[in-house]
Amino acid sequence: MRGWWIRSNLGNPWARPSRPAVPTSNAEPRAPAPATTGKVPHPMNAPVPPRVRFAPSPTGHLHVGGARTALFNWLYARSQGGTFVLRIEDTDQERSSDESYAAILEGMNWLGLDWDEGPDAGGDFGPYRQSERLDLYRAHLIKLATEDKVYRCFCNADDLAAREAAVREAGGVWEGYDGHCRHLDADAIAAFEAESRPHAWRLRTPDEGSTFWYDVIVDKREFQNEVLVDRVIVKADGFPTYQFACVVDDHLMGITHVLRGDDHVSNTPFQLLIYQALDWKPPKFGHMPMILGPDKKRLSKRHGATSVAEFADQGIIPEAMVNYLALLGWSPGGSADEVMRTKAIVGKFSLKKVNSSPAAFDYDKLAHINAMHIKRLTPEERLDLALPMIEKQGWGLADDWRIHGADDTRAYLARLLAMLGGRFSSLVNLPEQIGFFFTDDHFKDQEAWDEHVATDEGRSRLKVLAGALSESLDLDAPQEAEAFEGVVRELAEKLGLKAGDLIHPARVALSGQSRSAGIFEVMELLGGPRTVRRLETAASA
RNA sequence: GUCCCCGUCGUCUAGUGGUUAGGACACCGCCCUUUCACGGCGGCAACACGGGUUCGAUUCCCGUCGGGGAUGCCA
């Protein structure tokens, strides 16, 4: 008696749908408005705007793998005029957390991947958190139960573990659920029910034949049904498993392309069987290659940063991250410029050009892409990026440090960035690079100091140089780089030295480091009084 | 173990049944120069291996090896 199953289910707390009707038929994406004039494409040929989704589970930060998945879905939607949906897969009550949810949204926002529909954005296919869609899964479970396509499994973790151990002891290999509860008779079920024994629901899967699909990225993929086991689709806690929720939601949300990591390949045949059981037409699937660590092993913290938040902390800017991630598995082709702003990538992106082989994450190349992005920004954009880094240090332009034409921190920083040119290639290095313009208490390279400054020769040269600058220039007035250069070179000649003999100690005395922008520009932006003071201080140190 | 996928310079990749196998990162030289970057020029460096198919394979097929993934009431 099939009705028996239903009766038992109706007593369940979440049997009564509390939500308004949702599209349960084959939810086709909204078709473009029909043209009223000109050529009307045949309906079968009309381009259907894709609906894709990124469906993270809120169990951690946004990892580079997830970010790449999100990015490619987003790129596909944006390049095709489609819709990008954000769906939260929080069916694991143990691991899901609000912090993770927030972290993921933050990561998405940072990358600039905006979604058209999602938990906070709303949309016609919500709710977009699986924990708020339980009635939907229940309704479809009942349908499957009614048709005897699923069955109850009363095995608990201990039962399963015991049977697995037994198989191993006998020298066998446990190949997944053994179908133990597949054919329980009504009496047995009734007995378990009577003692309120918890149960999960499993899908009956065929033992023969094969399940296959044409992958958007890897062509045909096929699995023998023989290797597919009756996996759980609804857990004993009443929550659906990923397998089931994913299928129900993708269908109900009208998802046309499921683009996900290659680690999901083995889930696909099982999900296809769920589509079949529900009598639904499955979407297209595309499995993107994994991102590996530099050593081609699974990417882990051991390799360095793995979450987008960490990269942000390391001074990577969002568009560089997007650019680099896009290059992992996709390429603009030929010898085209790899450094692209997000908008350009959207314009060139194509699923057909997505690779099928795994890619190793290369931190060096990311750094390079980042530097190129920073370099290509407009002065204003660079300033917007750099100012917070300076403010974060608590630095600002002191009153007595003002120089002509740059009398507030922002204007001064603008001059410094112009001076830095291509040396400004990383957000994190910036404070070290230009801290000495804002404070006397800046980073000092002790080794350079010992070599160029703290020697009798170094000290005496610095002292002479300080004197020459004071005498030759009106330091109360702003002086340009050329003026400083003139004095330095003249003095060198007078002393029979190479200009470098004065420049090197001066660089370390002024900046604390052996590398900097052009020293005469440094003097100009430091200003005469500060320049001389630092030279004198160094000479007497 | 079993199943699935992948395999072009160290890395990311372009590419083709006949190419001097292209670009980028890294690396090495040189130039520029006041250091360091930037930039410019040049260099090193690859079709995993073995069988086929073919007039001809890096390209198509099979095997081997290597790497990755899956094998959960995680997603």
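In what follows, chains are A, B, ... by sequence order, proteins preceding strands, each numbered from 1.
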Check: A/Phe361 ring centroid to A/Tyr324 ring centroid under 6.0 Å:
yes
Which whole number of Å gives the distance between the C1' atom of B/rG43 and that of B/rG52?
39 Å
Go through the structure and list residues passing ring-ring contact (aromatic ring centres under 6.0 Å, His included) with A/Trp330, not counting sequence neighbours.
A/Phe349
If I pick the C1' atom on B/rA24 and the same atom on B/rU71, what distance separates them, to the nearest angstrom?
38 Å
Say whether A/Ser100 and A/Arg95, considering side chains only, have a donor N or O and an acceptor N or O under 3.5 Å apart.
no
Is it true that A/Arg87 and A/Asp250 make a salt bridge, defined as a side-chain N closer than 4.0 Å to a carboxylate O?
yes
If you restrict it to nitrogen or oxygen atoms, what contacts under 3.5 Å exist between nucleotides 16-21 of chain B and the protein, and what is each distance?
none

So, for A/Trp449 and A/Ala538, which heavy atoms are closest and what is the spacing to 0.1 Å?
CH2-CB, 3.8 Å
Does any non-hydrogen side-chain atom of A/Val227 lie less than 4.5 Å from one of A/Glu175?
no
Distance (rounded to the nearest 0.5 Å) between A/Arg221 CZ and A/Phe285 CZ
12.0 Å
Please give the distance between the P atoms of B/rG51 and B/rU59 as a whole number of Å.
13 Å
Kindly assign one of parallel, tilted or perpendicular to the pair A/His251 and A/Tyr275, based on the angle between their ring planes and the thresholds 30° and 60°.
perpendicular
Polar atom pairs (N or O), protein with nucleotides 9-13 of chain B, under 3.5 Å:
unit_1 : atom_1 : unit_2   : atom_2 : d
B/rC12 : OP1    : A/Lys296 : NZ     : 3.1
B/rC12 : OP1    : A/Ala360 : N      : 2.9
B/rC12 : O2'    : A/Leu327 : O      : 3.0
B/rU13 : OP1    : A/Gly329 : N      : 2.8
B/rU13 : O2'    : A/Ser331 : OG     : 3.4

Between B/rU11 and B/rG56, how far apart are the two C1' atoms, rounded to whole Å?
32 Å
Would you measure the distance from the P atom in B/rC44 across to the matching atom in B/rC36 and give it in whole Å?
26 Å
Does this structure show an ion pair linking A/Glu457 with A/Arg461, if we count only N-O contacts that are shorter than 4.0 Å?
yes
cation_pi(A/Arg202, A/Tyr177) dist<6.0 Å, angle<=45:
yes
Under a 3.5 Å cut-off for both distances, is B/rG50 Watson-Crick or wobble paired, and to whom?
B/rC62
Rounded to the Å, how far apart are A/Asp219 CG and B/rC6 C1'?
14 Å
Provide a list of protein-nucleic acid N or O atom pairs under 3.5 angstrom, restricted to nucleotides 73-75 of chain B.
unit_1 : atom_1 : unit_2   : atom_2 : d
B/rC73 : O2     : A/Ala236 : N      : 2.8
B/rC73 : N4     : A/Cys155 : O      : 2.0
B/rC74 : OP2    : A/Lys235 : NZ     : 2.9
B/rC74 : O2'    : A/Asp92  : OD2    : 2.8
B/rA75 : OP1    : A/Thr91  : OG1    : 2.6
B/rA75 : OP1    : A/Lys235 : NZ     : 2.8
B/rA75 : OP2    : A/Tyr242 : N      : 3.0
B/rA75 : O3'    : A/Glu89  : OE1    : 3.0
B/rA75 : O2'    : A/Ser57  : OG     : 3.2
B/rA75 : N6     : A/Asn267 : OD1    : 3.1
B/rA75 : N6     : A/Asn267 : ND2    : 3.1
B/rA75 : N1     : A/Asn267 : ND2    : 3.3

With a 3.5 Å cut-off and no angle check, do the side chains of A/Asp249 and A/Tyr128 form a donor-acceptor pair?
no
Rounded distance in Å between the C1' positions of B/rG10 and B/rU16:
25 Å
Please determine if A/Arg197 forms a cation-pi arrangement with A/Phe154, meaning its NZ or CZ atom is less than 6.0 Å from the six-membered ring centre and no more than 45° off the ring axis.
no
Sort out the partner of B/rC73 for me: Watson-Crick or G-U wobble, both distances under 3.5 Å, none otherwise.
none
In the strands shown, is B/rU34 matched to any nucleotide by a Watson-Crick or G-U wobble pair with both distances under 3.5 Å, and which?
none
Separation of B/rG23 atom P from A/Ile369 atom CD1, nearest Å, is 17 Å
Could you give the distance separating B/rA37 and B/rA26 at their P atoms, to the nearest angstrom?
11 Å
With a 4.5 Å heavy-atom cut-off, do A/Leu299 and A/His63 have their side chains touching?
yes
Length of the CE-P vector between A/Met290 and B/rG68, whole Å:
13 Å
Tell me, do A/Val64 and A/Met321 make a side-chain contact under 4.5 Å, heavy atoms counted?
yes
Base-pairing mate for B/rA24 - Watson-Crick or G-U, with both contacts under 3.5 Å:
B/rU11
Let me spell it out: for each of A/Val265 and A/Trp174, pick the nucleotide of RNA chain B with the closest heavy atom. Which residue's pick is nearer the 5' end?
A/Val265
Nearest-angstrom distance from the residue atom CG of A/Leu292 to P of B/rC5
17 Å
Separation of B/rG72 C1' from A/Ile233 CD1 (nearest whole Å)
16 Å
Within this structure, what is the CG-to-C1' distance between A/Asp178 and B/rG72, rounded to whole angstrom?
14 Å
Starting at the 5' end of nucleotides 31-50 of chain B, put B wherever the base has a protein heavy atom under 4.0 Å, S where only the sugar-phosphate does, and a dash everywhere else.
---BBBBSS-----------
Classify the nucleic acid contact of A/Lys498 as base, sugar-phosphate or nothing, counting any heavy atom under 4.0 Å across all strands shown.
nothing
Donor-acceptor contacts under 3.5 Å from residues 369-376 of chain A side chains, at least two apart:
unit_1   : atom_1 : unit_2   : atom_2 : d
A/Asn370 : OD1    : A/Ile317 : N      : 2.9
A/Asn370 : ND2    : A/Gly315 : O      : 3.1
A/His373 : NE2    : A/Asn323 : OD1    : 2.7
A/His373 : NE2    : A/Met340 : O      : 3.4
A/Arg376 : NH1    : A/Asp337 : OD2    : 3.1
A/Arg376 : NH1    : A/Val339 : O      : 3.4
A/Arg376 : NH2    : A/Asp337 : OD2    : 3.1

Check every strand shown and say whether A/Val173 touches a base, only sugar-phosphate, or nothing at a heavy-atom separation below 4.0 Å.
base
What is the distance from CZ of A/Arg221 to P of B/rA70, rounded to the nearest Å?
13 Å
In whole Å, I'd like the distance from the CG atom of A/Asp337 to the C1' atom of B/rA14.
15 Å
Using Watson-Crick geometry (N1-N3 plus N6-O4 or O6-N4) or G-U wobble (N1-O2, O6-N3), each under 3.5 Å, B/rC55 is paired with B/rG18
Tell me whether A/Lys235 is salt-bridged to A/Glu94, with the criterion being a basic N under 4.0 Å from an acidic carboxylate O.
no
Could you measure between the two P atoms, the one in B/rU58 and the one in B/rG22, and give it in whole Å?
16 Å
